[in-house]
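Here the structure comes first, spelled out in structure tokens, and everything after it is commentary.
Numbers restart at 1 for each chain; the letters A, B, ... are given by sequence-line order, proteins then strands. This is a predicted model, so every value here is computed, not measured.
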Number of protein chains: 2
Amino acid sequence: MKFGIQLRTKHQEILLYCISMSLILFLLKWLEAHFIVFNYRLDFFIGAIAIIFTVLGIWLALKLVKPKVEIRIIEKKVYIDNPGKTEINQQEIVKLGISRRELDVLNLIAIGLSNEEIAGKLFISLNTVKTHSSSIFLKLDVKRRTQAVEKAKRLNIIH
Amino acid sequence: MKFGIQLRTKHQEILLYCISMSLILFLLKWLEAHFIVFNYRLDFFIGAIAIIFTVLGIWLALKLVKPKVEIRIIEKKVYIDNPGKTEINQQEIVKLGISRRELDVLNLIAIGLSNEEIAGKLFISLNTVKTHSSSIFLKLDVKRRTQAVEKAKRLNIIH
DNA sequence: ATCGAAATCACCCGAAAGTGTGAAAGAAAA
DNA sequence: TTTTCTTTCACACTTTCGGGTGATTTCGAT
């Protein structure tokens, strides 16, 4: 699994900025330690270099910047050629091998009850509900109860 | 215009940039004023300057340029057996005070995704998804995601 | 210029959900 | 009668969910 450690990543920018500033200062100190001399024409030359590479940096950033993504959920309508009523598909239930009790549990899951509430309503234990729901997920080939509800409704197993 | 608004919000960064530039220029002048001899590698020094100002240029561009927006579409399949009667109730959404982002999350919950999967799909953190879903449950007056889906479908907030 | 809403994120903690294994009783089918 | 299926339950364990709190950033409106 992932690390449990979560850092406040928003401060990373500032941290990065501080580090780079420190690096610059360190560089200048290093240069100073090595007795580097400037003449006056060099000053102008360095200015030009600075401007050029600033522009270069800006250009580079514009080229490489990752575009900010905006998510838009659109609904793709899929029309089912099932004119008229919404009959429960018994064949599908049989085909998937879903038992009566499992269907009971599935229906109660679909209306948003918790496992404990389902257990209370069907007069069975919490563990039994878990067993049923697990086998439902297995038969429907899903991982979560929300997925199970979605798929079951799509297959007209429940409504 | 947009640029003016951005200037206002980013004026701290500009200030910071100016200060750092001034600091660097001051340091250079100081070094020059102290007759530090530049006996060693001139090209090395220029390279350092180039790198520094490239980085500063990149940083400046990233800070000031309005991010490019890339719209990413997530298709959500809606299975309809009775076309023509399934309109999304916008008034209900407004009445409940459900925001656009919360609606995104709600739609992804409805198709059975886990919070972590939603976070991956919307490019936000798991904690943010939790915050959104919590406020959804509050606004819909439900306790669980399955209930939220059930109620939202009943209110025609989602399909 | 100030303020509020929306969106983002972190962290802690407890509750609920889900997995895996095993088992027992009753009903139906072979 | 034996076998198989369904339903029931337990228990340990991991993962996910949800509540609560607090914080930052951005945007729009006043």
Side-chain angles (χ1 to χ4, degrees), chain A residues 1-14 68-71 93-94 96-106 108-109 112-120 122-149, chain B residues 1-13 63-64 66-67 69 93-94 96-106 108-109 112-120 122-149:
Chain A
M1 256 304 287
K2 288 168 185 171
F3 293 111
I5 303 161
Q6 285 179 315
L7 294 175
R8 295 182 176 268
T9 53
K10 284 296 159 188
H11 295 330
Q12 278 182 356
E13 277 181 10
I14 297 169
K68 185 182 170 188
V69 287
E70 185 179 333
I71 308 298
I93 296 174
V94 174
L96 293 172
I98 294 175
S99 70
R100 222 159 278 97
R101 208 54 166 165
E102 286 163 359
L103 206 59
D104 290 345
V105 174
L106 184 54
L108 295 180
I109 286 176
L113 298 191
S114 69
N115 284 342
E116 198 152 5
E117 288 168 339
I118 293 170
L122 296 180
F123 299 103
I124 55 180
S125 86
L126 175 61
N127 287 311
T128 307
V129 177
K130 286 183 177 183
T131 305
H132 284 319
S133 60
S134 278
S135 76
I136 290 169
F137 302 153
L138 198 71
K139 288 168 182 174
L140 284 178
D141 189 30
V142 295
K143 285 189 174 56
R144 275 171 292 281
R145 47 177 51 221
T146 42
Q147 271 185 4
V149 171
Chain B
M1 265 292 287
K2 291 258 177 180
F3 193 66
I5 292 165
Q6 270 196 321
L7 270 183
R8 198 194 66 213
T9 55
K10 305 252 184 181
H11 74 277
Q12 306 105 312
E13 272 90 13
K63 275 294 154 193
L64 295 185
K66 187 186 179 183
V69 175
I93 295 173
V94 174
L96 293 172
I98 293 175
S99 73
R100 184 174 126 70
R101 206 55 165 164
E102 286 162 0
L103 208 58
D104 290 346
V105 173
L106 185 54
L108 296 180
I109 286 176
L113 299 190
S114 70
N115 284 342
E116 196 150 5
E117 289 169 338
I118 293 170
L122 296 181
F123 300 99
I124 56 180
S125 85
L126 177 60
N127 288 310
T128 307
V129 178
K130 285 183 180 184
T131 305
H132 285 317
S133 60
S134 278
S135 77
I136 290 169
F137 301 153
L138 199 70
K139 287 169 182 173
L140 284 178
D141 189 31
V142 295
K143 285 191 170 58
R144 274 171 294 280
R145 46 177 51 219
T146 42
Q147 270 184 7
V149 171

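- Distances shorter than 4.0 Å separate none of the side-chain N or O atoms of B:S125 from OP1 or OP2 on C:dT8.
- B:R101 has its CZ atom 16 Å from the P atom of D:dT26, to the nearest Å.
- Distance B:N115 CG to C:dA17 P: 14 Å, rounded to the nearest Å.
- Comparing atom distances between the A:R145 side chain and each of C:dA17, C:dA7, D:dC17 picks out C:dA17 as nearest.
- Nearest nucleotide to the A:S99 side chain, out of D:dG19, D:dT6, D:dC17: D:dT6.
- Nearest heavy-atom pair, B:A148 versus B:L140, reported as atom, atom and distance to 0.1 Å: O-CD1, 3.8 Å.
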Assess whether side chain to side chain contact (heavy atoms under 4.5 Å, CB included) is satisfied between B:T128 and B:V105, documenting all intermediate values.
CA-CA 10 Å; B:T128 307; B:V105 173; over 6 Å; no

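- Atoms CZ (A:F137) and P (C:dA17) sit 10 Å apart, rounded to a whole Å.
- Put simply, A:N127 has a side-chain N or O that comes within less than 4.0 Å of OP1 or OP2 on D:dA10.
- In terms of modelled atom types and a separation under 3.5 Å, the side chain of B:S134 and the main chain of B:T131 share no donor-acceptor contact.
- Comparing C:dA16, D:dG18, C:dT8 against the side chain of B:I124 picks out C:dT8 as the nearest.
- Looking at every heavy atom in both residues, A:R144 comes nearest to B:L113 through NE-C, 3.9 Å.
- Map B:R144 and B:H132 each onto its nearest nucleotide of DNA chain C; the residue landing nearer the 5' end is B:H132.
- For A:T128, a side-chain nitrogen or oxygen approaches OP1 or OP2 of D:dC9 to under 4.0 Å.
- The CG atom of B:L138 sits 16 Å away from the C1' atom of D:dC17 (whole-angstrom rounding).
- Comparing atom distances between the B:T131 side chain and each of C:dT19, D:dA10, C:dT8 picks out C:dT8 as nearest.
- The separation between B:K143 atom NZ and D:dG20 atom P is 11 Å, rounded to whole Å.
- Taking the side chain as every heavy atom from C-beta outward, B:H132 and B:I118 never approach each other to under 4.5 Å.
- Distance CZ (A:R100) to P (C:dA28): 10 Å, rounded to an integer number of Å.
- For B:L113 and D:dT16, the CG to P distance is 13 Å, given to the nearest whole Å.
- Look at CD on B:Q147: it is 11 Å from P on D:dG19, rounded to the nearest Å.
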